[in-house]
Amino acid sequence: MDDLILNVDFSAPERRSKKEPGNRKHQSFVRRRRELERRGVLRQKQLPAAAPGAPRPGRARRGGAKRCPKENGAATTSRCPPVSQNGPKHKARGAAQNGVTGAKDEARGAALAAPPVSQNGPTGTGAPTQSKAKARRAAQNGPTGTGGKAKARGAGSAPPAPSKLVALDCEMVGTGPGGRTSALARCSIVTYEGDVVYDRYVRPEAAIVDYRTRWSGIRPRHMAQAVPFRRAQQQVLQILAGKVVVGHAIHNDFKALHYCHPKALTRDTSQIPLLNRRAGFPENVNISLKRLTKALLNQDIQVGKSGHSSVEDARATMELYKVVEQEWEQHLQQNPEQK
């Protein structure tokens, strides 16, 4: 048998250079980072922790994951890549970061999928706004619920306040060819109680051809101290503004004033069927103020040859309105189209 020769070297082996841990990507990053540290680009607080267990500066994220250090300079990346993907320590760090991200995603998905929180509860986001809106609606609707206002209107509401009611009557003279054009010559306004608010003779803008004294009671001497039409018109309209105006065939009075009052604030006693019914007249016939006053109030007006008095006629009109005030106002509330 041949001899086996062994060549054994008992000298100390050469020490190999320690290989840097991590894959090539990580090694490139470490070399790049060291170069930046050498140039002084990175600040001290941004350097990685010296010891594995030492706390790192900055605020820690929820779930134990720590915030990546921010790097300044154009050569740095916005996200901090993992130090190593092979060691157990870096695997744990990646798991912690993934856990935080997953928890955030799950929480965001749950918030989007969850039904909206009730706004009516005491802890709801819009609780004060909703409660105020409900209180406002309840105040508007009243104790009868959503249709409280309509039911109250149907059941009957109070008539206009006496301070909001006035009665108007005008006397006219004739102007133009043959005196056939009616022009305002006297205007009177009384309150609900019959007190005179306004009573003035008015000088028409055109020359008077026919004074119509038998009906108007106007004479030439009345024009000496008469108010010019434009001034009288301004004064009258200031009084009528916002008021409920009562009159008999009142459209003639408004025409003489060159004015149109809101229909909802107008009460024409010649157009109230209840008055005709109470007086025993046909409902669809216009009855004169004189006949209605005699039938319902047992008063005589517009008598004699001195002519009519606009103050007397305005007071009679207001008294006729009072006869059917409650019933007529209730009827108008139930039938607003007749206002």
Side-chain angles (χ1 to χ4, degrees), residues 159-173 175 182-205 208 211-213 215-219 221-272 275 286-290 292-293 296-297 299-303 306-325 328-329 332 339:
S163 61
K164 291 289 185 180
L165 283 160
V166 293
L168 169 72
D169 190 79
C170 298
E171 302 296 342
M172 273 74 80
V173 293
T175 61
S182 295
L184 182 66
R186 185 182 180 184
C187 181
S188 301
I189 303 174
V190 301
T191 64
Y192 186 82
E193 292 79 15
D195 300 325
V196 177
V197 177
Y198 186 87
D199 183 28
R200 294 286 189 277
Y201 289 102
V202 181
R203 186 185 306 112
E205 294 180 314
I208 299 175
Y211 282 90
R212 304 177 184 176
T213 304
W215 298 277
S216 67
I218 304 297
R219 291 173 172 78
R221 59 184 173 86
H222 294 142
M223 293 295 106
Q225 301 297 328
V227 179
F229 172 78
R230 293 299 176 185
R231 188 193 308 170
Q233 181 192 46
Q234 183 180 10
Q235 295 170 349
V236 170
L237 298 190
Q238 287 179 350
I239 298 173
L240 300 184
K243 296 290 197 303
V244 177
V245 184
V246 182
H248 195 83
I250 197 170
H251 60 279
N252 294 323
D253 301 319
F254 289 150
K255 184 178 179 181
L257 283 165
H258 300 174
Y259 170 66
C260 183
H261 198 65
K263 187 177 179 181
L265 298 178
T266 303
R267 304 292 184 268
D268 192 340
T269 53
S270 69
Q271 302 293 326
I272 301 180
L275 279 174
N286 292 336
I287 306 301
S288 67
L289 178 62
K290 180 176 182 177
L292 281 175
T293 303
L296 294 174
L297 304 177
Q299 294 179 7
D300 294 320
I301 61 172
Q302 302 174 356
V303 294
S306 59
H308 302 175
S309 168
S310 54
V311 172
E312 182 183 54
D313 291 353
R315 285 172 174 164
T317 303
M318 181 64 79
E319 292 302 318
L320 287 175
Y321 168 77
K322 290 179 183 180
V323 172
V324 293
E325 178 180 4
W328 184 240
E329 291 298 335
L332 291 178
K339 282 189 175 183

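Using a cut-off of 4.0 Å between Lys/Arg side-chain N and Asp/Glu carboxylate O, Lys322 and Glu319 are scored as salt-bridged.
Closest of all the heavy-atom pairs between Pro160 and Glu329 is CD-CD, 3.4 Å. The shortest non-hydrogen separation linking Val227 to Ala232 is CG1-N, 3.7 Å. Taking both residues in full, the closest heavy atoms of Arg219 and Ser306 are given as NH1-O, 3.8 Å, listed atom of the first, atom of the second, then distance. In terms of heavy atoms, Ala183 sits closest to Thr175 at CB-CG2, 3.7 Å.
Judged as a side-chain contact (heavy atoms from CB on, under 4.5 Å), and not counting sequence neighbours, the contacts of Ile239 are Ile189, Val197, Tyr198. With sequence neighbours excluded, the residues that form a side-chain contact (heavy atoms from CB on, under 4.5 Å) with Glu193 are Pro162, Thr191, Asp195. With sequence neighbours left out, Asp199 forms a side chain to side chain donor-acceptor pair (under 3.5 Å) with Arg186, Ser188. Judged as a salt bridge (charged side-chain N to carboxylate O under 4.0 Å, His left out), and not counting sequence neighbours, Glu312 has no contacts. The ring-ring contact (aromatic ring centres under 6.0 Å, His included) check on Tyr201 picks up His222, with sequence neighbours excluded. The side chain to side chain donor-acceptor pair (under 3.5 Å) test applied to Ser216 returns no partner, not counting sequence neighbours. Ser182 is linked by a side chain to side chain donor-acceptor pair (under 3.5 Å) to Arg212, counting only residues two or more places apart in sequence or in another chain. Legend: residues meeting side chain to side chain donor-acceptor pair (under 3.5 Å) with Gln271, ordered by chain and number and at least two apart, are Asn286.
Side-chain contact check for Val323 versus Leu297: some heavy-atom pair is nearer than 4.5 Å. By the 4.5 Å heavy-atom criterion applied to side chains, Glu171 and Asp313 are counted as neighbours. For the pair Arg315 and Val311, the minimum side-chain heavy-atom distance is below 4.5 Å. For the pair Tyr321 and His248, the minimum side-chain heavy-atom distance is 4.5 Å or more. The closest side-chain heavy-atom distance from Leu184 to Gln233 is not below 4.5 Å. Within the 4.5 Å cutoff, no side-chain heavy atoms of Ile287 are placed close to those of Leu275.
In this structure a side-chain-to-backbone donor-acceptor pair under 3.5 Å is present from Arg267 to Ala264.
In this structure, CG on Leu289 lies 6.0 Å from OG1 on Thr269, to the nearest 0.5 angstrom. In this structure, CG on Leu296 lies 6.0 Å from CG on Leu320, to the nearest 0.5 angstrom. Between the OG atom in Ser288 and the CD atom in Gln302 there is a gap of 7.0 Å [rounded to 0.5 Å].
Counting only residues at least two apart or on different chains, no salt bridge (Lys or Arg N to Asp or Glu O under 4.0 Å) pair has a member in residues 159-170. Within the structure, the salt bridge (Lys or Arg N to Asp or Glu O under 4.0 Å) test picks out the following pairs touching residues 223-235 (sequence neighbours left out): Glu205-Arg230. Screening residues 235-247 for salt bridge (Lys or Arg N to Asp or Glu O under 4.0 Å), with sequence neighbours left out, gives no hits.
Partner of Tyr192 under the side chain to side chain contact (heavy atoms under 4.5 Å, CB included) criterion, out of Leu165, Val246, Val166: Leu165 alone.
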Ignoring hydrogens and angles, write down the donor-acceptor pairs under 3.5 Å from the side chains of residues 250-259, residues two or more places apart or on other chains.
unit_1	atom_1	unit_2	atom_2	d
Asp253	OD1	Cys170	N	3.4
Tyr259	OH	His261	ND1	2.6

* To do: For Ile218 and Met223, run side chain to side chain contact (heavy atoms under 4.5 Å, CB included): C-alpha distance rounded to whole Å, both residues' side-chain angles, the deciding distance at 0.1 Å, then the answer.
  => CA-CA 8 Å; Ile218 304 297; Met223 293 295 106; 4.0 Å; yes
